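Each remark here refers to the structure printed beneath this line.
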Amino acid sequence: MTEQAAQQFYSDIPTFSIAELDQDTHALFRKFRPETPFIRRDDGPLFILRAKDVVSLTTDERTRQIETELLQLRGVTSGPLFDFYDKCMLLSNGAAHKRRRGPMARTFAFKMVAEVRPKVRAMAEKLIDRHYEAGGMDLFEDYSAIIPAHTVAAILGMPEADIPKFARWIYIIARSLGTSWTEKDIPELEDACRQMTDYMYELVAERRQNPRGDFLSDYIAAIDENPEMTPLEAIMQIIIVVLGGSDTTRASMAIQTALLLEHREQWQAVCDDPSLIPGAVSEALRFEPSVASLPRLVLEDIEIGGHTLAPGSLLMLSTMSALRDPDVFGEPDRFDIRRTDHTRWHYVFGGGAHRCLGEALAKAELEEGLAALVSRVPQARLVGKLKVEGHGGIRSAENLRLEWTL
Ligand code: HEM
């Protein structure tokens, strides 16, 4: 559908600019959710607001995951960044998606996550100890961002000395999955992607020669049993796992800490009773999700709530809106770590074929990251006010500090 045809087709749908959506996203979704199943952003995408529609559209065969379209719109049609988009499971569909996800899903096992849990806890405690005498640390840079990068490095069995450059590449490439980059960023994104790809090729070659019975050795065995998978494809699935777990988890770590400290009595409750930690993590993921929406393309007419979604439309299935839908959650705008009405499958991790592969790992990192803070610095206070940026895709929460008295 051309932009002009879309204007006409969706002329009765409330339409907002990015700035309007960013101003108070929750209030806007709250106002329009009862009135209309979707709203429109003036640059095209339709934001699906109601939980039942978000859930059903993630598995609706009349939609598909976006592939390289958005990258091509920005003029990137070849090269290392294009290869990554073109070959990774997150941005593929049908048989290609199945082939790419299968070996990783088999290897990314519960056992591996259970084994990494104590390592995450030890790492988190070490980070706090590093800053303890100084009486504070940057919640985002010194804590939340370090845990995900070091966790995947530990899973991949990387040498300690390689972690800083690896973490730098991760956060550069992860930016490409958001919307805040422009053409002038392309050389930096491509360079990071090229270096990461080369590094992973070497790591895989080394591990193939010296298997260690670890995650990467198991993954190599799984891809070797799968001759349809090309070497480039195999590498790109490692990179998407690394990236999928970076921005998402670091934002969630910062958000959950800030939310709890802004609801001091709930922070105190967690300090007094660590069995509240899993509930606190789930509630923070619901109240301010780090992933605000899932992109999908409409393939055929779809009727929802008395409106038609036309083929070619770009949807943003708004997890952010669904997670505050009063049809599912009682008093959805109240932050309550003791809430008992969480859904069995948390919407923040998506649904259907692309449901997050790292959910168990993300929860382990978030739970252990919180456990370390409440046990080591229960007296911590937040400097700065939580403002989660973004209404679509991955959100961020920066400029927050933790301080404590010794
Ligand atoms: C709080 C943290 C996290 C959140 C909120 C989150 C959320 C999501 C969501 C919503 C999707 C589906 C996207 C879509 O359908 O378009 C997804 C996919 C994915 N996630 Fe996560 N994620 C998190 C952490 C992780 C971690 C720690 C890893 C691994 C280390 C990971 C790896 C992946 C991968 C590989 C996919 C692609 C799956 C596929 O396309 O089949 N994620 N994640």
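The structure displayed is predicted, hence computed values, not measured ones. Whatever order the structure lists them in is the order used to number ligands and atoms, beginning at 1. These numbers come from the heavy atoms of this one structure, side chains and all, not from hydrogens, waters or symmetry mates.
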For residues 377-390, please give each side-chain donor-acceptor pair under 3.5 Å, one per line with the distance, not counting sequence neighbours.
from	atom 1	to	atom 2	distance (Å)
Gln379	NE2	Thr405	O	2.9
Arg381	NH2	Glu403	OE1	3.3

* Asked: Taking only residues two or more places apart in sequence or in another chain, which ones pass side-chain contact (heavy atoms from CB on, under 4.5 Å) with His354?
  -> Gln65, Asn93, His97, Arg296
* **Salt-bridge contact Arg117-Glu367 (side-chain N to carboxylate O under 4.0 Å)** => yes
Side-chain donor-acceptor contacts of residues 54-61 below 3.5 Å, not counting sequence neighbours, with atom names and distances?
from	atom 1	to	atom 2	distance (Å)
Ser56	OG	Lys52	O	3.4
Ser56	OG	Asp53	O	3.4
Thr58	OG1	Val55	O	2.6
Thr59	OG1	Ser56	O	3.3
Asp60	OD1	Arg62	N	2.8
Asp60	OD1	Arg62	NE	3.1
Asp60	OD2	Arg62	NH2	2.8

* To do: Decide whether Tyr143 and Thr257 meet the rule of one side-chain donor and one side-chain acceptor closer than 3.5 Å.
  => no
* Just one of Arg339, Arg338, Arg334 clears the salt bridge (Lys or Arg N to Asp or Glu O under 4.0 Å) bar with Asp336, so which one? -> Arg334
Note down each nitrogen or oxygen pair, ligand 1 side and protein side, whose separation is under 3.5 Å; give only atom names and the distance to 0.1 Å.
from	atom 1	to	atom 2	distance (Å)
ligand 1	15 (O)	Arg296	NH2	2.8
ligand 1	16 (O)	Gln65	NE2	2.9
ligand 1	16 (O)	Arg296	NH1	3.1
ligand 1	40 (O)	His354	ND1	2.6
ligand 1	41 (O)	His97	NE2	2.7
ligand 1	41 (O)	Arg101	NH1	2.7
ligand 1	42 (N)	Gly244	O	3.3

